[in-house]
S.K.: 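Before I ask anything, let me first share the structure, which is written out below as structure tokens.
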Number of protein chains: 2
Amino acid sequence: MSSPRDKSEAATPRRPTMKDVAALAGVSLKTVSRVVNEERLVSEGASKRVRAAVLQLGFHPDERAGNLRRAGRRTDTIGLVVSSVANPFAASVNRAIENAAATRGVALFASSMDDDPEREHPAVDALLRRRVDGLILTTVRRSQSYLLAEQSYGTPFVFVDREPVGIEADAVVSDHANGASTATRHLIEHGHRRIAFLGDRSDIQSARERHRGFTRELGNAGIPSGDAPLIVDLHGDAVAEATAMTMLTSDSRPTAIFSSQNLITVGVIRALRRLGLQHSIALVGFDDLPMADLLDPGLTVVAQHPESIGALAADRLFARLDGDIQPPRTFVVPTVLILRGSGEIVPQTP
Amino acid sequence: MSSPRDKSEAATPRRPTMKDVAALAGVSLKTVSRVVNEERLVSEGASKRVRAAVLQLGFHPDERAGNLRRAGRRTDTIGLVVSSVANPFAASVNRAIENAAATRGVALFASSMDDDPEREHPAVDALLRRRVDGLILTTVRRSQSYLLAEQSYGTPFVFVDREPVGIEADAVVSDHANGASTATRHLIEHGHRRIAFLGDRSDIQSARERHRGFTRELGNAGIPSGDAPLIVDLHGDAVAEATAMTMLTSDSRPTAIFSSQNLITVGVIRALRRLGLQHSIALVGFDDLPMADLLDPGLTVVAQHPESIGALAADRLFARLDGDIQPPRTFVVPTVLILRGSGEIVPQTP
DNA sequence: GTGAAAGCGCTAACAT
DNA sequence: ATGTTAGCGCTTTCAC
């Protein structure tokens with residue numbers, strides 16, 4: 001309309017580059033670079049003119065281009081791979097990591113793979129192609145050795161919730177086995193001997209650990225496994241509910257249930273409600289749930305601490321990025337048994 | 001150790017580049033590029049040798065570098081800015097968007113700003129510097145006009161949950177006002193006239209809309225506002241609980257409560273429990289909560305549909321990226337009243 | 001079919 | 001204090 005500069009005055013203007021800023025400020029490219037990166041070897045006058053030009057053009061540096069050449073070649077970006085960002089446990093981990101990343105100016109990719117082994121590698125690859133500086137992952141494949149090459153280039157990995165196989169790296173996990181033991185012992189101490197176990201998919205390491213803790217504790221108490229149903233490979237609340245319904249209406253009805261994952265617990269609660277058994281059969285769940293204290297009876301759980309797990313995982317990742325070369329280790333975050341009522345129900349004599 | 005090639009044989013090997021692949025395959029850089037990008041103008045032999053070299057070296061192309069020059073210059077990356085990825089509503093939206101993005105090979109940055117106006121702009125900027133192809137945001141500042149420049153460069157924005165101010169762009173929102181009206185009418189139809197309103201921060205557009213729906217419905221019923229407490233600017237469940245405690249132990253105790261956000265509802269439920277009033281005072285909440293059906297009484301809510309909202313927002317963003325140039329519009333996703341008990345309690349005569 | 005040269009937006013290294 | 005040159009890893013352009 002007014003004062004057409006040149007033909008680039010189109011509907012979609014070009015995003016200004018450092019070159020544009022340099023031209024407007026009447027300095028060289030490098031001077032703009034110095035001002036933008038606060039390198040402090042620029043005269044007041046030049047610096048002022050450059051900053052004015054930056055503002056006038058609305059210039060924002062392209063981090064990709066900068067990082068391409070910059071030493072270290074960081075993208076200031078990390079990746080997170082979890083089962084699902086919609087799962088409350090993963091969502092809390094996600095948030096804790098984001099908090100730590102944000103204070104360092106690092107952005108976070110989050111990716112869900114629904115515990116599908118087929119989707120783990122592609123999900124990881126998608127992030128690696130974007131050259132994330134590091135990766136925090138909850139894995140489900142048999143082995144994570146496909147990460148060895150990337151690890152050799154210096155990309156750090158931190159595994160959360162489950163330990164990796166086929167690669168050595170830091171891991172941050174809950175004390176799955178001991179947590180399950182504690183829950184089981186709690187039920188035994190309340191007089192139960194027929195305790196059912198409802199478990200997540202047995203190809204998931206943490207699920208196996210929880211199972212192990214349960215079995216071990218039964219053994220310690222001299223209770224033959226086989227006294228009560230032991231059902232694994234449940235996945236999702238719908239399947240868990242249906243399975244619990246069947247179990248609870250069968251001859252082998254237990255007096256107590258240990259459900260080893262948050263969605264499974266939800267399914268079990270629904271089943272107990274539908275059968276009016278929530279005050280008759282004891283229940284302890286692994287993983288806390290929002291509003292678990294507001295149920296009737298309150299839900300007794302072995303709670304993990306997702307915020308701590310996420311914060312610690314981020315901590316380890318950034319330590320590695322900062323040059324920490326200690327041997328990899330697994331950090332175990334303790335669980336805590338929270339008594340709210342459902343786990344303190346004593347065996348009912350029918 | 002064995003056959004040291006050159007001095008680059010260090011502890012941390014260099015990540016292989018296209019150049020390395022070219023050297024190993026005995027072809028030029030460009031030929032490798034053609035094979036990697038499946039440009040189909042390469043002889044069988046060359047193509048084969050290149051693919052072998054790619055595998056042998058474990059070469060993965062650097063997307064940043066490619067996109068720097070590539071026409072269109074996409075990063076295949078989008079950004080999401082929400083209140084908190086740990087909030088169940090936002091987590092579901094997040095997941096729905098991720099699903100849509102994944103099918104297109106697009107990665108998703110998620111960023112939380114806790115409804116802090118001060119953190120909105122920096123959070124957005126951090127994503128823009130990384131040159132996301134587009135942005136989906138839940139905003140809290142007075143105006144989003146700071147995005148106008150970026151919009152002029154062709155970056156599409158889709159606003160979720162709250163409509164933007166100072167910029168025209170697609171928005172996907174729940175029918176906040178009508179949802180609140182429906183909830184309020186439901187309580188009125190059950191005989192309530194002293195209905196308290198507990199609202200989120202009034203600088204949040206959706207919170208104001210819900211408030212408006214409530215007030216409008218009271219008006220329609222000829223109920224003077226002022227008959228019951230109207231408290232806004234609550235934020236978080238702790239504050240809501242304390243406020244509800246005060247209100248419920250005062251002279252102006254209502255017979256019903258409309259709580260206009262999920263965390264506020266949690267606070268109100270806790271307060272009702274502590275006072276043993278959960279079966280005496282009616283409660284309808286805005287936003288569904290996991291396990292709301294398992295409470296006693298079940299929680300009656302006006303439910304939003306976060307999965308639909310997320311899916312629709314992603315849909316709009318990708319449509320814009322695919323060249324859709326229709327005028328921006330706001331898509332309203334209906335809410336649904338779910339009766340579970342707490343909202344069907346009739347007024348108690350003391 | 002293939003490759004050499006130029007360039008994307010920026011920073012490192014070396015001028016001056 | 002500032003500019004110049006080269007180059008990050010890749011794609012584009014255009015020549016062969």
Side-chain angles (χ1 to χ4, degrees), chain A residues 8 13-51 53-54 57-76 128-133 153-154, chain B residues 8 13-51 53-54 57-76 128-133 153-154:
Chain A
S8 73
R14 200 171 42 76
R15 190 195 302 273
T17 72
M18 221 173 233
K19 208 166 151 189
D20 300 321
V21 176
L24 183 61
V27 296
S28 81
L29 230 197
K30 181 62 208 179
T31 299
V32 177
S33 173
R34 287 197 177 96
V35 173
V36 168
N37 294 300
E38 299 176 323
E39 278 181 35
R40 293 263 152 268
L41 292 161
V42 189
S43 68
E44 261 314 300
S47 172
K48 216 165 199 163
R49 292 206 317 282
V50 168
R51 284 198 306 263
V54 164
L57 293 176
F59 168 76
H60 289 268
D62 186 328
E63 287 212 347
R64 296 174 302 167
N67 288 140
L68 207 53
R69 186 72 170 88
R70 210 190 298 268
R73 208 157 286 162
R74 294 276 170 83
T75 56
D76 287 336
L128 256 21
R129 270 201 307 279
R130 291 177 174 80
R131 295 294 187 264
V132 290
D133 296 333
Y153 305 141
Chain B
S8 73
R14 205 168 39 74
R15 191 196 302 274
T17 71
M18 222 174 231
K19 208 166 152 189
D20 301 321
V21 176
L24 182 62
V27 296
S28 79
L29 230 195
K30 179 62 212 178
T31 300
V32 178
S33 172
R34 286 197 177 95
V35 173
V36 169
N37 294 299
E38 299 177 324
E39 278 182 33
R40 293 262 154 267
L41 292 159
V42 190
S43 67
E44 261 314 300
S47 171
K48 216 166 199 164
R49 293 207 314 284
V50 167
R51 284 197 306 262
V54 164
L57 293 176
F59 169 77
H60 289 268
D62 187 328
E63 288 209 346
R64 295 175 301 167
N67 288 141
L68 207 53
R69 187 75 168 84
R70 210 189 296 268
R73 206 157 289 165
R74 293 273 172 85
T75 56
D76 287 337
L128 255 21
R129 271 200 307 276
R130 290 176 174 80
R131 296 294 186 262
V132 290
D133 296 333
Y153 305 140

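Bear in mind that the values here come from a model prediction, so they are computed numbers and not experimental data. A note on names: the letters A, B, ... follow the listed sequences, proteins ahead of strands, and every chain is numbered from 1.
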S.K.: Just to verify, what does B/Arg49 make a salt bridge (Lys or Arg N to Asp or Glu O under 4.0 Å) with, not counting sequence neighbours?
M.R.: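 B/Arg49 satisfies salt bridge (Lys or Arg N to Asp or Glu O under 4.0 Å) with no other residue.
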
S.K.: What residues form a side chain to side chain contact (heavy atoms under 4.5 Å, CB included) with A/Leu29, not counting sequence neighbours?
M.R.: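 If we apply the side chain to side chain contact (heavy atoms under 4.5 Å, CB included) test to A/Leu29, skipping adjacent residues, the hits are A/Met18.
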
S.K.: Can you name the nearest heavy-atom pair linking A/Phe59 to A/Pro16, along with the distance?
M.R.: CD1-O, 3.4 Å

S.K.: Under 4.0 Å between a side-chain N/O of A/Thr31 and OP1 or OP2 of D/dT2, yes or no?
M.R.: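 The answer is no; no side-chain N or O of A/Thr31 sits under 4.0 Å from OP1 or OP2.
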
S.K.: Indicate yes or no: does A/Arg14 engage A/Asp20 in a salt bridge with an N to O separation below 4.0 Å.
M.R.: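 Between A/Asp20 and A/Arg14 there is a salt bridge, with a charged N closer than 4.0 Å to a carboxylate O.
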
S.K.: Which nucleotide wins on minimum distance to the side chain of B/Lys30, given the candidates D/dG9, C/dG7, D/dT13?
M.R.: D/dT13

S.K.: Which one, C/dG3, C/dC10, D/dC8, comes nearest to the side chain of A/Leu68?
M.R.: D/dC8

S.K.: Round to a whole Å and report the spacing from CZ of A/Arg129 to P of D/dC10.
M.R.: 13 Å

S.K.: Would you kindly give the CZ-to-P distance between B/Arg74 and D/dT11, to the nearest whole Å?
M.R.: 17 Å

S.K.: B/Asp62 has an atom CG; how far is it from atom C1' of C/dC8, in whole Å?
M.R.: 13 Å

S.K.: With sugar-phosphate meaning primed atoms plus P, OP1 and OP2, does B/Arg34 contact a base, only sugar-phosphate, or nothing at under 4.0 Å between heavy atoms?
M.R.: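 B/Arg34: base contact, heavy atoms under 4.0 Å.
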
S.K.: Return the nearest nucleotide to the side chain of A/Thr17; candidates are D/dC10, C/dG9, C/dT11.
M.R.: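 The nucleotide sitting nearest to the side chain is C/dG9.
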
S.K.: Report the distance from atom CZ of A/Arg15 to atom P of C/dG9, rounded to the nearest whole Å.
M.R.: 10 Å

S.K.: What's the NE2-P distance between B/His60 and D/dG9, to the nearest Å?
M.R.: 16 Å

S.K.: In residues 36-48 of chain B, which ones come under 4.0 Å of DNA chain D, going by heavy atoms?
M.R.: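 Under 4.0 Å from DNA chain D: B/Asn37.
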
S.K.: Side chain to side chain contact (heavy atoms under 4.5 Å, CB included) for B/Asn67 and A/Arg64? Distances and angles first, verdict last.
M.R.: CA-CA 9 Å; B/Asn67 288 141; A/Arg64 296 174 302 167; 3.6 Å; yes

S.K.: Quick one: is A/Arg70 getting a side-chain N or O under 4.0 Å of the C/dT11 phosphate, OP1 or OP2?
M.R.: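 A/Arg70 to C/dT11 OP1/OP2: side-chain N or O found under 4.0 Å.
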
S.K.: How long is the line joining NZ of A/Lys19 and P of C/dT11, in whole Å?
M.R.: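 In whole Å, C/dT11 P lies 15 Å from A/Lys19 NZ.
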
S.K.: Atom CZ of B/Arg69 and atom P of D/dC8: how far apart are they, to the nearest Å?
M.R.: 16 Å

S.K.: Has the side chain of B/Asp133 got a donor or acceptor atom that lies under 3.5 Å from a matching backbone atom of B/Asp76?
M.R.: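 The answer is yes, because a donor-acceptor pair under 3.5 Å joins these two groups.
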
S.K.: List the residues meeting side chain to side chain contact (heavy atoms under 4.5 Å, CB included) with A/Ser28, not counting sequence neighbours, and say none if there are none.
M.R.: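 Side chain to side chain contact (heavy atoms under 4.5 Å, CB included) check on A/Ser28 returns A/Lys30, A/Thr31.
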
S.K.: Kindly list each side-chain donor-acceptor pair under 3.5 angstrom involving residues 35-42 of chain B, sequence neighbours excluded, with atom names and distances?
M.R.:
unit_1  : atom_1 : unit_2  : atom_2 : d
B/Asn37 : ND2    : B/Ser33 : O      : 2.9
B/Asn37 : ND2    : B/Ser33 : OG     : 3.4

S.K.: List the steps and the verdict of side chain to side chain contact (heavy atoms under 4.5 Å, CB included) for B/Asp62 and A/Arg131.
M.R.: CA-CA 7 Å; B/Asp62 187 328; A/Arg131 295 294 187 264; 3.7 Å; yes

S.K.: Figure out the CG/P separation between A/Leu29 and C/dT11, and round it to whole Å.
M.R.: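 Result: 9 Å.
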
S.K.: Describe, as an angle rounded to 10 degrees, how the axis at the first end of the helix from C/dG1-D/dC16 to C/dT16-D/dA1 is tilted relative to the axis at the last end, five pairs per end.
M.R.: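 End-to-end axis angle: 40°.
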
